Chemist: 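Mind having a look at this structure? Questions to follow.
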Amino acid sequence: MEEKQKKERIGVYICHCGGNISDYVDVAQIRDLAKNEEGVIISKNVMFACADSNQKEMIRDIEDEKLDAIVVASCSPKLHLHTFRNVALRGGINPYNYTQVNIREQCSWAHSDTPGEASIKAAGLIRAGIKKVSFSEALENIEVSSTRAVVIIGAGVSGMRAAIDLAKMGNQVYLIEKEKAIGGNVAKWKELFITGQKGNTIIEALSKQIRELTNITLFTGATIEKVTGSIGNFIAEVNIGDEKLNLKSGAILVTTGFDSYLPTEGEFGYKNNPAVITLPEFKGLIDNSHETLLYNNRKVNSIAYIYCVGMRQTKGENKYCSRVCCTTAIQSSLTVHEKFKDIQAYHLYRDIRTYGKQEILYERSSKNGDIYLKFDEKAPPVVEPIGNKLLVKVKDELTKRRELELETDLVVLVTGLVPRSDSKQISALLKIPVGNDGFFNEIHPKLRPVETVINGVFIGGSCQGPKNISESVQSSLSAAVKINALTKNPTIFLEPIVARINFDACVWCGKCAEVCEYDAIHPLEMYGKTVASVNEAVCKGCGMCAPVCPADAIDMAQYSNNEIEGMIDGFMEKVELVAEAGDKLQDGGEEGIAMKDMPLIWRQLAGCLQGDSKSIPDLAKELGLDSELVTYNLMTMNKYSLVEADKLDDSDEYFSYKLKNIPHVQN
Amino acid sequence: MSRIDPEFASEIKKYGAKDFSACFNCGNCTAVCGLTDKSVNFPRIFLRSGILGLKDDILQSREIWLCYACGECSETCPRQAGPGDYMAALRRYAIASYEPTGLTKLIFKSNPVFILFTIFLSVMLGFFLFTLKPDHEVSRWLFTVIPYAVIHNMGLVIFSITGISMAWGLITMYLKLSKTVVKSEPGKSNFVNAWREVVKELGTMNRYQTCDKEDDSYWKNKPAAIQPWFVHWSIMWGFLGLLLATVLDFILKDPATAIWWPSRILGTVAGLLLVYGTSLSITYRFKKVTKTYRETRLADWMFLLFLWVAGITGFWLEISVAFGANYLLNHIVLLIHTIISMELVLLFGFSKFAHAIYRPLALFFYFRESQQKN
């Protein structure tokens with residue numbers, strides 16, 4: 001913050017993006033404007049700024065012209081921020097003395113209809129970028145020392161598998177399980193799809209490996225009471241019976257798994273009728289029955305499965321699809337078919353989602369003669385007792401929505417996966433956010449799927465959302481690799497974009513700590529007074545604290561007051577571009593298009609519009625064309641400035657159009 | 001509210017449908033079918049009826065009779081549920097259900113029963129034929145066992161039963177199909193128009209030609225004369241022509257009339273058509289030229305073979321009578337010809353042949369309804 005000196009040798013590079021930008025934005029004129037800005041030494045147009053040749057040229061410029069900051073006006077920083085930070089570094093200037101201006105997504109692409117204005121906006125943004133970079137400070141990455149140990153919460157299949165890999169990669173692993181037995185849900189299941197292995201066998205195998213690895217410490221019947229510290233140096237307080245332990249770790253992996261949805265009383269007759277059971281209960285029944293399937297001492301001859309129970313509610317709480325239940329139900333049905341013979345299965349479903357290889361199960365089940373009936377969410381099946389049996393009424397979407405009824409001995413409610421009841425506690429403990437569905441949230445579902453917004457805290461398995469075993473293990477192993485990449489170095493480097501406190505101005509009112517979502521700000525005794533202090537390893541640089549500070553004692557690195565104000569000033573300053581005759585800025589269009597080159601329909605439309613302006617319905621009627629076709633072509637002609645909207649017609653419903661840039665029309 | 005009957009699917013399977021339970025309702029079959037339009041929609045919805053056991057839906061349907069079994073749907077089915085074969089099975093099921101004696105059920109469901117019954121019928125017919133020559137050795141023996149009057153009356157009874165069963169079947173079908181008719185506005189009866197359309201279809205096989213076009217990769221550049229619709233047309237009109245010629249001959253009471261006699265000319269032309277059609281059909285089925293001919297049930301083979309043999313033996317007789325060939329051989333051929341022809345007539349209402357009476361009725365309902373919708 002001491003370095004308030006403005007940059008004096010700035011290089012500006014304006015990218016054509018091979019026409020993506022230069023087709024709409026007058027890059028040449030903007031280059032000349034930028035050159036006149038204070039502190040700018042070089043302003044250049046480049047065909048592709050990201051090209052290797054240009055990167056080398058930039059490095060040469062930095063060295064030859066002794067540049068102290070650079071601005072690249074090209075695409076979104078999401079694409080190339082790191083590319084050019086690297087260029088700056090290689091050229092010998094601090095990577096944070098670099099600013100990227102997005103004139104492709106924000107100018108040429110967004111305003112392709114009005115190139116003149118796109119150019120003005122681009123010029124403003126570039127000027128703002130130059131101002132920002134001129135106030136920029138050189139920043140160094142934050143260094144944090146790290147412990148080569150990992151705490152894994154939950155010893156289900158995901159946690160166990162990740163523990164083994166992390167241990168093999170050389171980490172000390174603390175595997176913490178709340179229950180007395182390990183293995184979670186998988187340990188309860190019998191045959192699993194594809195391999196046909198039993199759930200228990202898988203857990204046994206993992207358990208054996210864990211016992212053999214000396215750097216895994218397994219705690220069962222253990223709960224986490226408190227977690228302090230931050231990335232590299234977490235301290236987890238664990239309760240094991242009467243004993244309390246403090247475990248120090250560099251990262252935390254959460255693999256707490258899921259709960260099965262429990263239907264409410266009366267949902268499809270659940271709890272009111274003993275012959276209505278949930279899928280997990282039914283699986284238990286299959287496993288414990290031999291030769292004949294008996295329920296309450298009566299032979300079961302038919303089973304009706306009702307799918308999506310408690311799931312995919314458009315108006316209810318659980319809007320998501322649990323993914324695994326279709327497969328589980330169908331696999332159970334196949335098991336029943338094999339094990340007990342001659343049991344008729346009815347599947348009352350909304351959509352069957354046996355995705356991927358699981359589709360085979362669905363086909364096999366249909367071929368066995370299982371009957372599939374599709375109901376709509378708005379008309380769910382009705383279950384009524386009839387004598388010793390149950391009568392299920394359903395409106396079948398596949399049979400012209402006919403009301404059908406069937407008699408069955410047993411109704412199985414195919415329930416989905418819901419967040420664990422204790423996931424709120426875990427979320428509070430680690431400050432990791434949960435989504436609307438109640439499952440833990442990752443940073444980005446596609447690109448950063450196992451990291452949370454809390455540095456050093458990772459999620460794996462079905463605590464993140466419904467997953468089958470393969471997917472759970474995939475995600476927890478992915479987290480294991482990410483964790484190892486973090487802990488394998490004794491020092492962790494973090495981005496320096498964090499909040500900084502001016503200790504002279506700070507009077508510790510505590511407002512900043514209140515708004516901080518990451519718990520990064522704590523009071524500190526310093527020079528005889530209390531001031532706010534920021535844990536740089538925890539701060540995400542979100543900027544929530546800066547505006548609430550009454551003493552204006554908080555500044556964000558890379559977004560200091562000077563930089564922000566400079567950007568505003570730069571953008572507000574009026575941009576004047578010279579519009580030359582025939583220039584694309586003049587009429588906002590392309591070069592004139594010869595009348596003979598126009599499509600026939602354009603010539604017809606132009607012919608109709610001679611003299612008088614007309615609305616789309618009138619034009620469509622006159623030419624005997626579809627009004628959609630007329631609309632589409634008029635819009636395109638409008639884009640090329642051949643026609644323009646004139647006025648609303650008498651009914652105030654339609655705009656009429658008139659000719660703009662066509663002087664005369666030959667028919 | 002209809003009750004689902006899961007047992008029904010296995011019943012339909014006995015009529016020759018295989019894996020139709022595999023259907024997952026994608027509707028590809030309906031989409032590719034060239035014969036579905038605004039008013040009719042098949043085959044998917046009928047797979048549904050079979051799977052759920054909605055018998056009445058099947059027995060009340062015109063749609064199953066509109067299908068000419070081009071096989072395109074089976075080809076397109078992603079689950080190999082064989083909707084085309086399934087439709088054929090439904091037709092067998094419907095024939096068996098409309099007809100009151102239960103004989104068709106036996107014939108369709110079991111090949112051994114079918115073969116035994118055919119042989120039994122041939123022997124019986126053989127004996128009956130001898131009764132037409134009362135002075136023959138076999139006849140004299142026969143009359144010692146059963147009196148002539150009994151045999152004569154038995155013949156009458158059997159033919160009556162056949163006739164009544166067919167009429168019963170037609171009426172049953174008419175009543176079933178009438179149940180789902182939407183009442184038309186008074187004074188807007190399309191009765192005559194609808195029948196005109198039926199006759200036009202039987203004459204031109206326009207809808208069947210649509211099916212062949214669907215299968216265009218094979219039939220596209222082939223002459224019309226060898227396309228399936230024409231083969232079917234030849235068999236149908238060949239048989240009807242021969243039936244008419246026989247009846248005319250019977251009325252004229254002189255089977256040996258000169259060859260230029262109109263009924264004889266009709267017989268010759270019709271016979272040629274029949275032999276032509278059946279020969280081609282047998283060849284196609286034997287070579288399995290397209291998917292239509294891939295699946296041939298025993299009943300189909302027997303039916304085609306009977307028609308072919310009846311035609312061939314007919315010509316043999318015509319030629320040998322003209323050239324005065326071997327007397328005994330002629331009599332054996334005549335015996336075979338007559339037995340097979342009689343068997344075809346007797347089994348008319350109890351075999352695949354029955355579609356010849358049910359399909360026009362279904363077409364009538366279809367045309368009447370599609371006219372109303374337009």
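Just so you know, these numbers come straight off a predicted model, no measurement behind them. Only heavy atoms go into these numbers, but all of them, side chains included; no hydrogens, no water, no symmetry mates. A note on names: the letters A, B, ... follow the listed sequences, proteins ahead of strands, and every chain is numbered from 1.
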Chemist: Return yes when atom CH2 of B:Trp168 has more than 12 non-hydrogen atoms of other residues, nucleotides or ligands closer than 6.0 Å, and no otherwise.
Modeler: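 Result for CH2/B:Trp168: open.
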Chemist: Distance-only criterion, 3.5 Å: which donor-acceptor pairs connect chain B and chain A?
Modeler:
from: B:Ser2; atom 1: N; to: A:Glu403; atom 2: O; distance (Å): 3.2
from: B:Ser2; atom 1: O; to: A:Glu405; atom 2: N; distance (Å): 2.9
from: B:Arg3; atom 1: NE; to: A:Glu405; atom 2: OE2; distance (Å): 3.0
from: B:Arg3; atom 1: NH1; to: A:Glu407; atom 2: OE2; distance (Å): 2.8
from: B:Arg3; atom 1: NH2; to: A:Glu405; atom 2: OE2; distance (Å): 3.1
from: B:Ile4; atom 1: N; to: A:Glu405; atom 2: O; distance (Å): 2.9
from: B:Arg44; atom 1: NH1; to: A:Leu398; atom 2: O; distance (Å): 2.9
from: B:Arg44; atom 1: NH2; to: A:Leu398; atom 2: O; distance (Å): 2.9
from: B:Arg48; atom 1: NE; to: A:Asp396; atom 2: OD2; distance (Å): 3.2
from: B:Arg48; atom 1: NE; to: A:Thr399; atom 2: OG1; distance (Å): 3.2
from: B:Arg48; atom 1: NH1; to: A:Tyr372; atom 2: O; distance (Å): 3.1
from: B:Arg48; atom 1: NH2; to: A:Tyr372; atom 2: O; distance (Å): 2.4
from: B:Arg48; atom 1: NH2; to: A:Asp396; atom 2: OD2; distance (Å): 2.9
from: B:Asp57; atom 1: OD1; to: A:Arg402; atom 2: NH2; distance (Å): 3.4
from: B:Asp57; atom 1: OD2; to: A:Arg402; atom 2: NH1; distance (Å): 3.0
from: B:Asp57; atom 1: OD2; to: A:Arg402; atom 2: NH2; distance (Å): 3.4
from: B:Arg79; atom 1: NH1; to: A:Ser366; atom 2: OG; distance (Å): 2.9

Chemist: Among A:Leu398, A:Leu404, A:Ile371, A:Leu406, which has the most heavy-atom pairs under 4.5 Å with chain B?
Modeler: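 Heavy-atom pair counts peak at A:Leu398.
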Chemist: What part of B:Ile51 lies closer than 4.5 angstrom to a heavy atom of chain A: side chain, backbone, both or neither?
Modeler: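 Both backbone and side chain.
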Chemist: Hey, are the side chains of A:Leu373 and B:Leu52 touching, using non-hydrogen atoms and a 4.5 Å cut-off?
Modeler: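 Yes, side chains in contact.
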